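Reviewing the structure listed below.
Residues take their numbers from the sequence shown, with the count starting at 1. Computed from a predicted structure; not experimentally measured.
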Amino acid sequence: EADRDVAQRKAIAQHFAWAMPGTQGLVGQIAKLELEKGVLEAGITQVVWTEATEPRMTRILPRGDFLNESGEVVEPAIPGFLGTLKTGGRRATRLDLANWIASPSNPLTARVYVNRLWREFFGTGLSKVLEDLGSQGEWPTHPELLDWMAAEFMESGWDVKHMIRAIVTSEAYRLASFGGPPVLEERDPDNRLIGRQSRFRVEAENVHDIALAVSGLLVEKFGGPSVNPYQPAGYLTAMNFPKRDYSEGHGEDLYRRGLYSTWQRTFLHPSLATFDAPTREECTVNRVNSNTPLQALELLNDPIYVEAARVFAANMVEKGGKTLGERMDWGFERALDRNMSVQEKDILTQLYVSNLTRFRSDRMAAAKLIAVGESPVVPQIPPAELAAMTTVARAILNMHEVITRN
């Protein structure tokens with residue numbers, strides 16, 4: 001017995017407990033209680049926390065040699081040209097750093113934030129290098145404006161809503177994004193002088209949300225876990241360690257904002273990838289903005305956009321009026337917030353008439369089109385008419401103007 005190790009003694013004790021008739025019931029009760037305890041603990045939200053310890057000594061490493069301890073001992077501090085931390089002689093802590101970041105004497109934080117805020121409303125920051133505002137980045141096109149906005153932001157108590165209100169009520173923001181003298185566009189094609197408003201496509205998540213909002217499918221629910229929208233079968237097949245299974249959501253989970261879509265780091269949802277959402281391999285401050293044929297194919301064929309077009313078409317029929325012209329006017333104004341031109345109306349009318357003829361002669365094609373998506377089909381609308389109007393709705397939602405911020 002003296003020669004047995006811990007594992008051997010444990011194995012013998014377990015065998016003894018199972019072998020003795022009087023202890024078998026107790027072993028089963030213990031196992032059941034341990035299982036219930038594990039289920040209970042798994043349902044409790046855990047908070048990550050750390051304990052403060054004595055900070056280790058940090059030295060300057062001569063030529064990067066971490067074995068050489070002859071270098072000068074250094075203490076936590078901010079860059080010398082930006083001032084000093086007032087700690088009363090004690091060692092600076094992370095709280096001191098946090099207070100300095102939001103201090104009026106720090107020239108960086110407010111400038112960086114308002115520059116990024118400006119980019120949200122004008123497409124490009126006053127300095128377009130958002131991730132490196134400083135000597136390494138681009139000099140601001142309007143440094144006095146950047147200084148004023150930074151000061152206003154701090155003096156308002158770091159009030160983000162106040163700054164947004166100041167931007168959107170400014171004369172610069174209320175300028176038209178088209179028209180004006182041609183010489184202005186020739187001189188300033190990128191609109192860095194803010195002589196007009198900027199036109200740019202909205203970000204990937206908003207492209208998804210616009211289609212759902214126009215159709216009436218968008219679920220305005222805040223927070224909660226990620227959701228699984230429609231996704232091509234086998235899309236995650238290439239992912240290993242471990243293999244991923246993907247099951248589409250149901251009900252309102254299919255119509256949540258794009259912000260809540262499940263994201264597998266480098267395998268983001270195909271719709272988001274097509275519209276330039278970055279992978280999450282590293283932090284990205286400034287997204288690219290491209291315009292490719294694949295984006296039009298996405299808007300025409302992705303199940304979520306086809307379903308949105310079908311529901312939008314049903315609303316056009318039910319709420320737009322009795323005539324085809326009234327229904328298309330209603331849908332066009334809802335999607336683009338303007339009236340159709342004569343040419344646009346002629347094109348959409350021809351599109352509807354030709355597809356109505358096609359779907360009346362091919363009922364299977366009409367049924368297949370309106371069956372896309374989980375939302376119920378309106379039974380009062382004849383399938384051929386709903387399918388033809390869905391084609392019109394797809395064309396409207398596919399217009400560049402719908403997903404472009406004008």
Side-chain angles (χ1 to χ4, degrees), residues 108-134 136-142 146 149 153 160 163-164 167-168 172-173 177-178 188-194 196-214 218 222 226-227 229 231-232 235-236 256-300 302 304-305 308 397-406:
L108 294 178
T109 306
R111 282 182 172 86
V112 169
Y113 188 85
V114 297
N115 186 54
R116 295 183 182 185
L117 200 60
W118 188 269
R119 183 258 180 192
E120 292 293 322
F121 292 96
F122 288 89
T124 306
L126 295 172
S127 171
K128 65 180 178 182
V129 187
L130 303 185
E131 61 273 22
D132 193 3
L133 182 64
Q136 300 296 319
E138 181 196 52
W139 189 260
T141 55
H142 299 72
L146 184 64
M149 291 179 63
F153 187 34
V160 176
M163 296 309 302
I164 292 176
I167 291 174
V168 301
Y173 183 79
S177 57
F178 55 90
D188 183 27
D190 296 328
N191 194 30
R192 302 306 305 282
L193 301 179
I194 320 174
R196 59 188 184 281
Q197 249 299 355
S198 301
R199 302 182 70 202
F200 53 90
R201 198 207 67 231
V202 299
E203 294 185 344
E205 294 85 350
N206 293 337
V207 173
H208 169 274
D209 298 347
I210 286 173
L212 293 181
V214 171
L218 184 66
F222 180 78
S226 298
V227 297
Q231 184 167 288
Y235 179 64
L236 301 180
R256 298 290 306 280
R257 292 186 178 276
L259 174 69
Y260 299 110
S261 296
T262 298
W263 198 309
Q264 296 283 353
R265 197 174 182 186
T266 59
F267 277 69
L268 61 164
H269 189 275
S271 176
L272 300 181
T274 302
F275 287 99
D276 306 314
T279 64
R280 290 184 176 174
E281 296 169 276
E282 58 186 24
C283 178
T284 303
V285 178
N286 202 10
R287 295 185 179 186
V288 298
N289 200 327
S290 68
N291 184 9
T292 67
L294 189 60
Q295 294 170 354
L297 293 173
E298 173 73 26
L299 292 175
L300 285 172
D302 190 313
I304 191 62
Y305 298 114
L397 293 178
N398 196 264
M399 292 180 66
H400 180 73
E401 189 177 345
V402 173
I403 59 173
T404 299
R405 181 249 197 211
N406 289 296

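- Listed for the Ser127 side chain is a donor-acceptor partner under 3.5 Å among the backbone atoms of Glu138.
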Under the side chain to side chain contact (heavy atoms under 4.5 Å, CB included) criterion, do Asp302 and His269 qualify, and how do the steps go?
CA-CA 11 Å; Asp302 190 313; His269 189 275; 4.0 Å; yes
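- In this structure, Glu120 and Ile164 have side chains that are not in contact, with every pair of non-hydrogen atoms separated by 4.5 Å or more.
- When each of Arg119, Glu131, Lys128 is checked for a side chain to side chain donor-acceptor pair (under 3.5 Å) with Asn286, only Arg119 meets the rule.
- Using cut-offs of 30° and 60° on the angle between ring planes, the pair Tyr173 and Phe121 is perpendicular.
- Residues Asn115 and Leu146 form a side-chain contact, since some pair of their non-hydrogen atoms from C-beta on lies under 4.5 Å apart.
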Tyr113 vs Val160, test: side chain to side chain contact (heavy atoms under 4.5 Å, CB included). Steps then yes/no.
CA-CA 10 Å; Tyr113 188 85; Val160 176; 3.6 Å; yes
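- No side-chain donor-acceptor contact under 3.5 Å links Glu205 to the backbone of Ser261.
- With no hydrogens or angles considered, a side-chain donor-acceptor pair links Ser198 and Asn191 at under 3.5 Å.
- Although no hydrogens or angles enter the test, the distance criterion places a donor-acceptor pair under 3.5 Å between the side chain of Asn289 and the main chain of Arg201.
- With contacts defined as side-chain heavy-atom distances shorter than 4.5 Å, the pair Ile167/Phe122 qualifies.
- Atom CG in Leu268 sits 9.5 Å away from atom CD in Gln231 (nearest 0.5 Å).
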Under the criterion side chain to side chain contact (heavy atoms under 4.5 Å, CB included), I'd like the reasoning laid out for Ile194 against Leu126: C-alpha separation, chi angles, the key distance, then a yes or no.
CA-CA 10 Å; Ile194 320 174; Leu126 295 172; 4.2 Å; yes
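- Separation of atoms CG (Asn291) and CZ (Phe200) is listed at 14.5 Å; rounding is to 0.5 Å.
- Counting heavy atoms from C-beta outward, Leu299 and Ile403 have side chains that approach closer than 4.5 Å.
- Within the 4.5 Å cutoff, the side chain of Phe153 has no heavy atoms near those of the Leu117 side chain.
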